[in-house]
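Have a look at the structure below, then the notes.
Just so it is clear, the model here is predicted, and its values are computed rather than measured.
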Amino acid sequence: MKKATKLIAIISIVAILAVSFASCGSKGKRVEHDGKEFTFWTQMDSLSQRAGIEDYNDMLMFKELEKATGVHIKFMHPISGSTGNEAFVTMISSDDRAELVDNNWSAYPGGPQKAIEDGIIIALNDYLKENAPNFYACVNGDENHFIFRDGLADVETSPKYWRAQATTADGQFYGFNVLNIGTTRGFGGLYIRGDLLKKWGMEIPTNIAEWEAVLAKAKSEGIQYPFSTTLDVISFKGYGSQGFNTAYGVGKGFYLEDDKVVFAPFQPGYKEYVAKMAEWVKKGYLDPSFSTNDGEKVRGYIVNGQAIASWGYIGGDLGTVTPEGQKKDTNYEVVACPFPAEADGTPAKYQMTYAEASDRAVAITYNCGNYEKAMQWADYFYSEEGATLNIFGVEGNTFTVEETPERKVYKYTDKITNHEGFHSVEDALYYYMLPCNHPGFNQHPDYLQGYYPIQAQKDAVITWNLSSEESKKHAIPSLNFTQDELDGMADVVEVAQAPLETSLNEIIRGEASIDTYDAAIAKAKPEYEKYIKIQQDAYNRYLEKMK
């Protein structure tokens with residue numbers, strides 16, 4: 001999920017974007033046409049690239065999409081080696097920009113509302129009902145739409161979240177967003193060697209006391225640093241990487257308490273968390289190299305037995321270390337651990353939580369030669385036929401259907417599950433289609449069942465979502481900011497973030513005393529209070545839209 005992390009990443013490129021977009025007021029060239037072909041700028045998915053796709057027109061999904069819609073897409077992919085942001089700046093600054101653009105629109109200075117005001121993209125409100133009936137049905141809660149009819153989204157709550165998160169501050173739809181369906185919102189958390197727990201006669205740890213017992217046992221078995229991880233998991237940055245902080249009734253990064261934006265290090269309990277991590281480093285439970293570790297190195301430690309526990313994702317970590325570990329020992333397994341409960345038994349209130357609607361969207365630029373046809377093409381992704389093609393591919397080829405009393409259940413064929421000719425299930429999936437994190441519907445439950453073939457992964461979907469409903473109350477949703485607000489947040493990050501992070505990490509690594517904590521907070525507080533106010537103002541605007 002991870003909105004605070006996303007915002008900081010966005011802020012880091014604001015200065016570059018601001019200069020590049022200084023002359024973006026030009027609407028560029030617009031030549032009307034019959035809508036049989038459109039130019040479409042989109043960054044190639046890394047998994048598709050890895051699987052061997054060079055142009056999306058080579059993908060089964062897009063071949064079938066052209067047959068279904070009668071529209072040919074001329075893809076404009078960033079050249080290999082360039083970053084998405086650099087390529088986006090170059091393309092969108094040109095008078096010959098693409099007609100459709102798939103991007104995270106919060107990266108545009110001032111957000112999508114400013115992109116509309118600058119004449120870069122068009123507002124969709126006046127066109128939706130007639131030209132995008134499926135998307136319109138979703139955001140307006142039409143119970144006859146298949147996602148509501150099949151119980152994949154809650155008709156009482158999902159549409160209002162989608163509307164609030166997929167519109168600008170003044171209520172304009174700016175594109176066709178990624179809409180999350182199903183109930184799963186968290187895909188990462190703490191995990192541990194299950195086979196070793198069985199060997200030692202111990203249970204999966206659920207609180208700090210149980211974790212300490214397990215880590216102490218591992219230490220006694222000769223493991224140098226039982227828990228190894230990366231900076232984001234230990235640091236205050238990022239609401240998504242919740243870990244041992246939940247045991248102290250505190251979240252990570254910026255989050256909500258009773259609709260008020262708060263910052264984790266300023267909250268009661270965070271100092272206790274920092275002190276505990278420092279204690280674990282001193283005892284040798286926590287790898288002191290967390291500040292410089294990367295994910296690949298940590299996964300290596302888990303596979304090779306140099307560590308027994310870490311924080312990871314269901315796909316990229318559990319799906320990687322399990323088969324690698326089983327090459328060495330057939331009994332090898334890792335299992336997901338619940339986010340640690342507080343000392344009095346209160347369940348964790350925080351977990352990784354993705355928003356209901358992403359600010360990634362396919363927008364239609366002013367240059368588009370046929371707005372109506374372009375919208376009709378994009379709307380196909382939100383129909384039952386289009387969503388099925390996008391997520392599952394072609395029936396009989398990449399999936400089969402089982403009719404149940406509740407709904408149709410989709411199952412990937414052996415072509416996907418056995419992934420012959422491909423490194424993994426995900427490579428096979430993204431060779432044939434774009435089932436996740438692309439405009440359309442995200443996190444279909446049948447996709448998750450197929451995407452996570454290992455039992456430990458299927459179990460993790462449940463374990464790492466035990467706090468899902470409660471966590472939604474605390475996660476900051478997708479917010480739109482003005483250029484002044486973005487500049488203000490960037491100033492705070494530049495001045496205050498690195499010194500605060502350095503101070504707290506020094507405490508954890510044992511290079512400074514916990515007694516220095518209060519002084520570090522006092523120094524950072526004046527700047528971070530500005531950041532909190534900016535986010536609170538943006539969140540208040542969001543609440544008005546929710547009304």
- Message: Using the rule given for side chain to side chain donor-acceptor pair (under 3.5 Å), can you reason through N245 versus Y270, listing the C-alpha separation, both sets of side-chain angles and the distance that settles it, and then say yes or no?
- Response: CA-CA 7 Å; N245 54 288; Y270 200 84; over 6 Å; no

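- Between Y412 and F392, the angle of the ring planes lies from 30° to 60°, which puts this pair in the tilted group.
- When all heavy atoms of D329 and N331 are compared, the pair lying nearest together is OD1-N, 2.9 Å.
- Residue pairs satisfying the side-chain hydrogen bond (donor to acceptor under 3.5 Å, both in side chains) criterion with at least one member in residues 296-307, sequence neighbours excluded, are listed as follows: R299-D317.
- With sequence neighbours excluded, the residues satisfying side chain to side chain contact (heavy atoms under 4.5 Å, CB included) with Q449 are K458.
- In this structure, the side chain to side chain donor-acceptor pair (under 3.5 Å) partners of E356, at least two apart in sequence or on a different chain, are R185.
- A salt bridge does not link D446 with K411: none of the charged nitrogens is closer than 4.0 Å to a carboxylate oxygen.
- Not a single donor-acceptor pair under 3.5 Å links the side chain of K283 to the backbone N or O of A278.
- When the ring pair (Phe, Tyr, Trp, His ring centres under 6.0 Å) test is applied to Y451, the partners found at least two apart in sequence or on another chain are Y447.
- Take K472 and apply the side chain to side chain donor-acceptor pair (under 3.5 Å) test, not counting sequence neighbours, and it matches E469.
- Residues N390 and P439 come closest through the heavy atom pair ND2-O, 3.7 Å.
- In summary, the side chains of S106 and N104 do present a donor paired with an acceptor at a separation below 3.5 Å, with no hydrogens or angles considered.
- The aromatic rings of Y350 and Y255 stand perpendicular to each other, their planes meeting at an angle above 60°, with 30° marking the opposite boundary.
- A donor atom on one side chain and an acceptor atom on the other are not found under 3.5 Å apart for T246 and Q242.
- Without hydrogens or angle criteria, Q351 side chain to S468 main chain gives a donor-acceptor distance under 3.5 Å.
- Taking the six-membered ring where tryptophan is involved, the planes of Y382 and F176 are tilted, since the angle between them lies from 30° to 60°.
- Of the charged side-chain nitrogens involved, none lies within less than 4.0 Å of a carboxylate oxygen, so that K408 and D150 do not count as a salt-bridged pair.
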- Report the C-alpha distance between E212 and E279 in whole Å, list the side-chain angles of each, state the deciding distance to 0.1 Å, and finish with yes or no for side-chain contact (heavy atoms from CB on, under 4.5 Å). CA-CA 11 Å; E212 289 191 313; E279 179 186 324; 3.6 Å; yes

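- Using cut-offs of 30° and 60° for the angle between ring planes, the Y531 and F254 rings count as parallel.
- Across all their heavy atoms, Y332 and Q326 have their closest contact at O-NE2, 3.2 Å.
- Of the residues listed (R509, E501, E506), the one engaging S291 in a side-chain hydrogen bond (donor to acceptor under 3.5 Å, both in side chains) is R509, and it is the only one.
- One N or O on the side chain of N442 and one on the backbone of N437 form a donor-acceptor pair closer than 3.5 Å.
- F266 carries K525 over the face of its six-membered ring, with the cationic atom under 6.0 Å from the centre and within 45° of the normal.
- In this structure, F148 and W162 have tilted ring planes: the angle between them lies in the 30° to 60° band.
- The side chain to side chain donor-acceptor pair (under 3.5 Å) test applied to T516 returns no partner, not counting sequence neighbours.
- A donor-acceptor pair is defined here as one N or O able to donate and one able to accept, closer than 3.5 Å; no such pair exists between the side chain of K327 and the backbone of T322.
- Ring geometry for Y56 against F62 counts as parallel: the plane angle stays under 30°, on a 0 to 90° scale with 60° as the upper cut.
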